[in-house]
Every structure is written in C-alpha cells, then in structure tokens.
Chemist: 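Just passing along the structure, written as structure tokens.
Values in this document were obtained by computation on a predicted structure and should not be read as measured data. Throughout, residue positions are numbered sequentially from 1 according to the sequence presented.
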Amino acid sequence: MGSAPAAAFPGQLSGQCRLGQDFAVVDQTGVDAKLVRFAGCVRRQLADKLDNTLIVHQVSADGTAPGYYAWGTYRRWSIKEPDCLPFTGEIADGQLKFRLPWGSRVTYRLIGTQTLEASFNQSGRFTRGVMHRQ
C-alpha cells in the first residue's frame with residue numbers, strides 16, 4: 001500500500017497516536033496474500049457523519065494485525081475532539097476484528113480488493129459503513 005501522510009487523518013496528534021509525517025506498511029514477505037490485503041489505509045465517513053481512518057501497518061502470518069483507528073468529531077454522539085488509538089486486531093475468515101477500549105466490537109470485512117465493510121457493535125447497537133482505499 002505504500003505510505004500516506006499522517007496529517008491526513010483526524011486525531012493524528014492526540015491520544016496515543018503520534019505518527020510522523022508518513023507511515024509505511026511493513027514488508028509482508030511470506031505472509032498469505034489473503035491476510036496482506038488488509039494492510040494499508042482506508043478513510044471514510046461512518047454513517048455519513050463521523051470521519052474515521054483505519055491504518056493496518058503490519059500483518060503477521062498468524063493473522064495478528066496492529067494498526068491505528070482514528071476518528072473526527074461528531075456532536076450527535078458527543079464526540080467533541082478527534083482522537084486516535086492503537087489496536088491489535090486479528091484477521092480470520094476474511095474479517096479483521098478488534099475491540100475499542102470502551103467496549104465497541106469492530107469488524108472490517110474485505111469486499112474485493114479496494115473496499116472494506118465496517119461494522120461497529122456497541123452494546124447491541126450497530127453502525128455500518130463502507131470504506132474505500134484511496
């Protein structure tokens with residue numbers, strides 16, 4: 001996927017997400033191509049309201065995938081400041097899954113090679129969106 005400007009996503013200098021000007025996807029030599037397809041950066045407005053970015057900068061042969069999840073502001077959900085958090089997800093059965101610190105279960109399902117379907121489950125309340133690679 002290459003690199004992308006870190007300043008292009010919300011929350012890049014807040015929380016625990018302090019990237020430099022660029023991030024790079026770590027070499028994935030020897031890792032199954034079905035897993036590597038999740039590596040890279042996708043951006044989108046979730047539910048057409050909340051700016052968010054998913055960065056997966058490495059994928060291991062066992063499906064472990066560390067990265068960053070960043071979001072912007074959204075008054076309706078009382079999100080007043082953009083922020084970013086590191087995560088370690090797991091890829092299995094064509095899905096990347098991880099949990100956010102406040103309990104939301106996040107699932108990204110790859111559709112083709114350039115599109116991810118996002119699902120956020122917070123206490124049984126689902127928010128969905130589709131994200132496209134840039």
Chemist: Under 4.5 Å between any side-chain heavy atoms of Val130 and Leu116, yes or no?
Modeler: no
Chemist: Does a side-chain heavy-atom distance below 4.5 Å link Asn121 with Ser104?
Modeler: no
Chemist: Could you pull out the closest heavy-atom pair between Leu35 and Ser60, with the gap in Å?
Modeler: CD1-O, 3.8 Å
Chemist: On a heavy-atom basis, which atom in Lys34 and which in Arg37 lie closest, and how many Å separate them?
Modeler: O-NE, 3.7 Å
Chemist: Out of curiosity, Ile55 CD1 to Cys84 SG, how far, rounded to the nearest 0.5 Å?
Modeler: 6.5 Å
Chemist: State plainly whether one hydrophobic cluster holds both Leu100 and Phe38, where clusters connect Ile, Leu, Val, Met, Phe, Trp and Tyr through side-chain heavy atoms under 4.5 angstrom apart.
Modeler: yes
Chemist: So does Glu90 pair up with Lys97, basic N to acidic O under 4.0 Å?
Modeler: no
Chemist: Given side chains that start at C-beta, do those of Pro66 and His57 come closer than 4.5 Å, heavy atoms only?
Modeler: yes
Chemist: Give, for atom OH of Tyr108 and atom CD1 of Ile91, the distance between the pair rounded to the nearest 0.5 Å.
Modeler: 12.5 Å
Chemist: Which heavy atom in Val31 sits nearest to a heavy atom in Val59, and how many Å separate them?
Modeler: CG2-O, 3.6 Å
Chemist: Classify the ring geometry between Tyr69 and Phe120 as parallel (under 30°), tilted (30 to 60°) or perpendicular (over 60°).
Modeler: tilted
Chemist: Nearest 0.5 Å, what's the CG-OG1 distance between Asp83 and Thr73?
Modeler: 12.0 Å
Chemist: Counting only heavy atoms not in Glu117, do more than 12 fall under 6.0 Å of its CD?
Modeler: yes
Chemist: First locate atom CG of Leu110, then atom CG of Leu96, and finally report the distance between them rounded to the nearest 0.5 Å.
Modeler: 10.0 Å
Chemist: Side chains of Thr107 and Gln95 only: does a donor on one sit below 3.5 Å from an acceptor on the other?
Modeler: no
Chemist: Closest heavy-atom contact between Ser119 and Phe126?
Modeler: OG-CD2, 3.6 Å
Chemist: Parallel under 30°, tilted from 30 to 60°, perpendicular over 60°: which one fits the rings of Trp102 and Trp71?
Modeler: perpendicular
